[in-house]
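For reference, the structure discussed in these notes is given below.
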Amino acid sequence: MSYLADVGTLARKDLRLELRARDTLPAMLLFVVSTLVVFHFALPAGADEVAAQGLLWVALVFTALLGLARAWAPERESGALEGLVLAPCDRSAIWLGKSIAVFVFLAAVQVVALPAFAAFFGPVGWETVAGVALASVGICTVGTLLAAMAAASRTRELILPLLFLPLAIPLVVGGVGASISSEPLEFLAFLGLYDILFAILCWASFEYVVSE
Amino acid sequence: MSTSSPNNPPSKSRVPALAAAAAGLVGLAIVFAFFVAPEDADQGISQRIFYFHVPIALTAYACFGWGAWKALQHLRGKGERYDLESYVAVHMGTIFGSLTLLTGSIWAKASWGHWWLWEEDQLVLFLVLFLFYSAYFMLRFSIDEGPRRANISAVYALFGVVLVPVSFLAIRLAENVIHPTVFTREGPQMTGSMFLTFCIAWLAITTLAYALYRVELLGKRLDANLRELREALTA
Amino acid sequence: MSSGEKYVAAAYGVVFVTVLVYVAIIAAKLARLERETAELAELARRRNDG
Amino acid sequence: MISARALEKRYGPKRALRPVDLDIEPGSFVVVTGANGSGKTTLLRLVAGLVAPTKGSLEVGAERGELGFLGHEALVYRDLTAVENLDLYGRLYRVPERRERLGMLLERFGLWEARNARAGSYSRGMLQRLALCRTLLHDPKLLILDEPFTALDEEGAMLLDRQLAELRDGRTVILSTHEPRRVEPLASARVALA
């Protein structure tokens, strides 16, 4: 059970850091709402509801990117990642703790973004909410690992979108599909498969991203 | 100063033989593709692009798979030369991936009149993979040389191999219009000699890829040895 | 040539050109390696005489 | 405790550490000296397991949880207080009676008054002392200190001197420094890197 304790410790540390610094969450909230407003003006009057659903996913993916770019900022500014790597805990706990923290931030943003979308564009069905939840799991698990890779590179956040977007394409397909298709369950099952497959891969390979 | 290269002793190099075999097979494949295989009933002559397009796609998959396999061996700590082999394999995969996109686009224009078809699953998948593996090189060149770069490149290569089936499933799900492809689920719809031509072309392209892979590997190892020699001489 | 034949030629041509470009890159690398080895040989010679 | 045979580290063409051999018994106090760029930091990071050797072999008789590493960075979060930082590491290292132990260490290193201040507000010397608390928190069997005196203020340096003197009870210390005279009386082995 000590593994889960470590994950809890690390996740709480990130939540406390965010509450104290308060720089990532407000930025993501403002970003997603302003993006939706921009989309409103970008969508021609006659555009049908399906296009709007698609735009919701574009807004979510790029908001997530903003959050992921800041995911390892505390560790990078203080070099504390080395302190965590030196600790006797399993290094995948570092990844899982950070993923949970990023998921909490993303969920907090979506709690605002989805109602705003419903108000601006059109009703948000249960399938969309389920799709957003499942896709967010994939975004956070894979995104956190990719952000750790980006943190090790000289170009820092610049490379994160290049690493993240190809891997996010299946999530967008699953999410949009769940929102608009006649049988959403097929797409939701696909999102679940994505989450499981990539979570296992991240869990097994994170150690090699942060240590030699 | 007899220092055999740290990576592997200079084995009796099979590369020239490999290159000769590749050249011969490719020549044979072209002869078969143009003169032996019969004209396709509905697509006419443009169907002959198929004999190179699909083998190139399959070879690109093989290269990505080979790169991931070498990456896995590197992560399991088997030796230091797997990182280089994984890198060259992914590089080869990207070259053949680009060729797949180019020949596929030409085939789409010839057969269906458009340079790009979102209905064509293979093509769309290769576009996604092309984006993914281009980022591999951006990532690799933005990290200083060392075990850290090797580990991160290896992990990224493993992600690629998981992304292929997942993306293929996603594209198949996202597509509402199922497009007639030669390879329908119950296997190739080709007569005897067409299938024979396809197999020869496939063997030819795979041999060509392996030959280029070995040539590039030799070049990279030569670089490494020369650098070490320079280090020794100037130390 | 009919448009179909033009496209087939284009497709095979692209493959051919790519391989040729690849050979050219390898040739450039060989030239660089040849120059480097010559440099190192000179360095080694000077080291022995010196 | 630490044994190395032709241990070497290179980053591509750049050589970070020339081949070195080591044979260090448990309980000894090793002083590593050498000019800048001779690889002192690289050697200590190899022993701490932060970097992997390029060539040669290295065995360290301490698990990850039993070694304490003090580098150039304090490895503490700027936005967390001293207590929160040490509590975080205390949990990860499963330190028994965490609260009491970190309180005692903060007290011993003169940080008790500033314990609830953000680490970001600390001076360079205070930060180094907080890092020392972090390094000693789990009572490590092997202590790795990379030029510990450089960033320390005078008071901190005296505290560290007294601390090092008390540490001789079966603990192994490997320390790199520019001023070997300061720790000369304690040293039981010396490694000079070319």
Contact leader toward chain B among A/Leu145, A/Val210, A/Val176, where contacts are heavy-atom pairs under 4.5 Å: A/Val210
Heavy-atom side-chain proximity of B/Phe130 to A/Pro166 below 4.5 angstrom: no
Minimum side-chain heavy-atom gap B/Tyr156-A/Leu146 below 4.5 Å: yes
Gap separating the CZ atom of B/Arg76 from the OH atom of A/Tyr208, nearest 0.5 angstrom: 9.5 Å
Nearest heavy atoms of B/Val162 and A/Phe198, plus distance in Å: CG1-CZ, 3.7 Å
Close side-chain approach of B/Phe141 to A/Ser153, heavy-atom, < 4.5 Å: no
Heavy-atom side-chain contact between B/Leu169 and A/Pro170 under 4.5 Å: no
Among the listed options A/Thr155, A/Leu171, A/Ile169, A/Leu167, the residue most often paired with chain B at heavy-atom distances under 4.5 Å: A/Leu167
Chain B contact via A/Ser211 - side chain, backbone, both or neither, heavy atoms under 4.5 Å: backbone
Whether over 12 other heavy atoms sit under 6.0 Å from B/Trp202 CH2: no
Interatomic spacing from CE in A/Met149 to CZ in B/Arg140 - rounded to 0.5 Å: 12.0 Å
Per-residue contact mode, A/Leu163 against chain B (heavy atom under 4.5 angstrom): both
Whether B/Arg148 side chain and A/Val209 backbone form a donor-acceptor pair below 3.5 Å: yes
Sub-4.5 Å side-chain heavy-atom contact between B/Ile171 and A/Val173: no
Residue pair A/Arg154, B/Asp144: steps toward the side chain to side chain contact (heavy atoms under 4.5 Å, CB included) verdict: CA-CA 8 Å; A/Arg154 282 191 306 272; B/Asp144 298 331; 2.6 Å; yes
Chain A contacts, top residue of B/Val166, B/Leu131, B/Leu158 (heavy-atom pairs, under 4.5 Å): B/Val166
A/Ile159 portion near chain B, given a 4.5 angstrom heavy-atom threshold: side chain
Interface moiety of A/Leu165 toward chain B, non-hydrogen atoms closer than 4.5 Å: neither
